[in-house]
Visitor: 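Before anything else, here's the structure in question.
Quick note on labels: first sequence line is chain A, next is B, and so on, each numbered from 1. Only a predicted model underlies this, so the values are computations on that prediction, with no experimental measurement involved.
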2 protein chains.
Amino acid sequence: MKNKGILIVVSGFSGAGKGTLMKRLVEEYDGYALSISATTRAPRPGEEDGREYFFLSEEEFEKRIADRALIEYATYCGNYYGTPRDYVEKELMQGHDVILEIEIQGAHKIKEQYPDALLLFVMPPSAEELHRRLSGRGTETKEVIDQRMRRAVQEAEGIEDYEYIVVNDDLETCVQTLHGIVTAAHHVPERNEEFIEKMRRELRGE
Amino acid sequence: MKNKGILIVVSGFSGAGKGTLMKRLVEEYDGYALSISATTRAPRPGEEDGREYFFLSEEEFEKRIADRALIEYATYCGNYYGTPRDYVEKELMQGHDVILEIEIQGAHKIKEQYPDALLLFVMPPSAEELHRRLSGRGTETKEVIDQRMRRAVQEAEGIEDYEYIVVNDDLETCVQTLHGIVTAAHHVPERNEEFIEKMRRELRGE
């Protein structure tokens, strides 16, 4: 019963553990593809074009905006970030469920263009745990951590815009829940009209 | 994130394998309870009151109808069959997901009273396979099988009234899919408002 893939939009507070979750989901189950963003920021050591990001010049990026070749884009710290439409659509057509990690404004833009997209919000089990995870990275200053906590307050206001919320407490349980949600989405009647019609014809003896 | 249980209504053609599926689901995963129907038909050898059915006299059954102690009821071959409200509500309050196997008219009645109920429709992979399963039981006459196949034609018209459809091809896969659908239903924001509000208060430092 697997036809066209599902576009899965994953949002959540910085520090909720989205990256690790998505990585585990793709490793553990078949049929998923992680969307790769385009960006104008410079590659960091070890990053490869077409793996972490598609690295583009500002001119190239702006041409893609003009060509509507990006589903959504935003600027962050003076750099462009966006989602290439061709990659996403190719994967969906091949029946893969494409995962997009993106913040809430981007999620809304995706939903406008892909009303069937599945919007998931990942949360830590508590604000305290969120703070612990952000501090535990050991790479961020107190200012950055405070800024992320304040941003979480804002982002929390939009949670009801998402169709599912998942609490990232135990990683394994959380990965299974995510896969359960995507599996469920494949089984709504609207995604299986062909099969239903075939069954009806068969039952009528046609 | 598990609060109140979910009422799960399972319908599907006779021969789709609903009974086996539900049995496996309850065996394999915690937190499920199979609803037990009340009936006025006589117990068959080996059947126990409160296990297969609650066996009631016609007077007792009609008193329950008058007391609105049944969520829904119907007559079939001259006997009453119905779903006792107290058992279902007790299990839901204890956080169990209650499974009700019921046909389409009953499913509609349930949804009116429990708008949060999850409506699932189980199908065989093909009409041919349905016929094979009905014949394979070896207990039904050709007339009964033909009657069930004709009934399936009618029932198939109502499939879109269900929220999810599941094809019972491979039993294990199907049980996992069912559990995935129920898991997903536990993760919609409306079922987790308390948690979301708690998180918001914590993030604001309240």
Visitor: Which residue out of B/Gln176, B/His131, B/Glu128, B/Arg200 racks up the most heavy-atom pairs below 4.5 Å with chain A?
Guide: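 Highest number of heavy-atom pairs under 4.5 Å: B/Arg200.
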
Visitor: Which atom names give the shortest non-hydrogen contact between A/Ala184 and B/Ala184, and what distance separates them?
Guide: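 It is CB-CB, 3.9 Å.
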
Visitor: Residues in salt bridge (Lys or Arg N to Asp or Glu O under 4.0 Å) with A/Glu58, at least two apart?
Guide: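 If we apply the salt bridge (Lys or Arg N to Asp or Glu O under 4.0 Å) test to A/Glu58, skipping adjacent residues, there are no hits.
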
Visitor: Taking everything shown except B/Lys23 itself, do over 12 heavy atoms lie less than 6.0 Å from its NZ?
Guide: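 No.
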
Visitor: Please say whether more than 12 non-hydrogen atoms of neighbouring residues, nucleotides or ligands are located less than 6.0 Å from OH in B/Tyr81.
Guide: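 Yes, because the 6.0 Å sphere around OH of B/Tyr81 holds more than 12 heavy atoms from other groups.
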
Visitor: Checking an interface table here. Which of residues 101-110 of chain B come within a heavy-atom distance under 4.5 Å of chain A?
Guide: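 Residues of residues 101-110 of chain B touching chain A at under 4.5 Å: none.
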
Visitor: Restricting to ring pair (Phe, Tyr, Trp, His ring centres under 6.0 Å), what partner residues turn up for B/Tyr87, sequence neighbours left out?
Guide: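 Applying ring pair (Phe, Tyr, Trp, His ring centres under 6.0 Å) to B/Tyr87 gives none.
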
Visitor: On a heavy-atom basis, which atom in B/Tyr162 and which in A/Pro189 lie closest, and how many Å separate them?
Guide: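 Closest approach of B/Tyr162 to A/Pro189, heavy atoms only: O-CG, 3.1 Å.
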
Visitor: Heavy-atom cut-off 4.5 Å, strictly under: side chain, backbone, both or neither for A/Glu193 against chain B?
Guide: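 Looking at A/Glu193, just its side chain touches chain B.
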
Visitor: Check the surroundings of atom CD in A/Glu194: do more than 12 heavy atoms from other residues, nucleotides or ligands lie under 6.0 Å from it?
Guide: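 Check fails, neighbour count at 12 or below.
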
Visitor: More than 12 non-hydrogen atoms from neighbouring residues, nucleotides or ligands closer than 6.0 Å to CD on A/Glu206, yes or no?
Guide: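 Atom CD in A/Glu206 is crowded, with more than 12 foreign heavy atoms closer than 6.0 Å.
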
Visitor: Rounded to the nearest 0.5 Å, what separates atom NE2 in A/His187 from atom OG1 in B/Thr177?
Guide: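 Here the rounded value is 4.5 Å.
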
Visitor: Name the region of A/Leu130, side chain, backbone, both or neither, that has any atom closer than 4.5 Å to a heavy atom of chain B.
Guide: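 A/Leu130 touches chain B through side-chain heavy atoms alone.
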
Visitor: Kindly check if the number of other-residue, nucleotide or ligand heavy atoms within 6.0 Å of CZ (B/Arg44) is above 12?
Guide: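 Atom CZ in B/Arg44 is not crowded, with 12 or fewer foreign heavy atoms closer than 6.0 Å.
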
Visitor: Atom CG of A/Leu203 and atom CE of B/Met123: how far apart are they, to the nearest 0.5 Å?
Guide: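 Reported to 0.5 Å precision, the distance equals 9.0 Å.
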
Visitor: Chain B heavy atoms under 4.5 Å from A/Thr183: which part of the residue, side chain, backbone, both or neither?
Guide: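 Side chain of A/Thr183 only, per the 4.5 Å heavy-atom cut-off to chain B.
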
Visitor: For residues A/Glu160 and B/Ile196, determine if any side-chain heavy atom of one lies less than 4.5 Å from a side-chain heavy atom of the other.
Guide: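 The answer is yes, as the side chains (C-beta and beyond) meet within the 4.5 Å cut-off.
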
Visitor: Got a sec, which pairs hit ring-ring contact (aromatic ring centres under 6.0 Å, His included) with one end in residues 163-182 of chain A, sequence neighbours left out?
Guide: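 Only A/Tyr29-A/His179, A/Tyr32-A/His179 qualify under ring-ring contact (aromatic ring centres under 6.0 Å, His included).
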
Visitor: Quick check on A/Pro125 against chain B: is it the side chain, the backbone, both or neither that has a heavy atom closer than 4.5 Å?
Guide: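 Only the backbone of A/Pro125 comes within 4.5 Å of chain B.
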
Visitor: Heavy-atom pairs under 4.5 Å with chain A are the metric here; pick the option from B/Ala127, B/Ala152, B/Ala185 that has the most.
Guide: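 Option with the top pair count is B/Ala127.
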
Visitor: Is chain B contacted by the side chain of A/Phe121, its backbone, both, or neither, given a heavy-atom distance below 4.5 Å?
Guide: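 Contact with chain B is absent: no heavy atom of A/Phe121 under 4.5 Å.
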
Visitor: Counting only heavy atoms from other residues, nucleotides and ligands, does the tally under 6.0 Å from OH of B/Tyr73 exceed 12?
Guide: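 Not buried by this count: 12 neighbours or fewer within 6.0 Å.
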
Visitor: Under a 4.5 Å cutoff for heavy-atom pairs, which residue among A/Arg150, A/Glu163, A/Arg204 has the most contacts with chain B?
Guide: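 Option with the greatest count: A/Glu163.
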
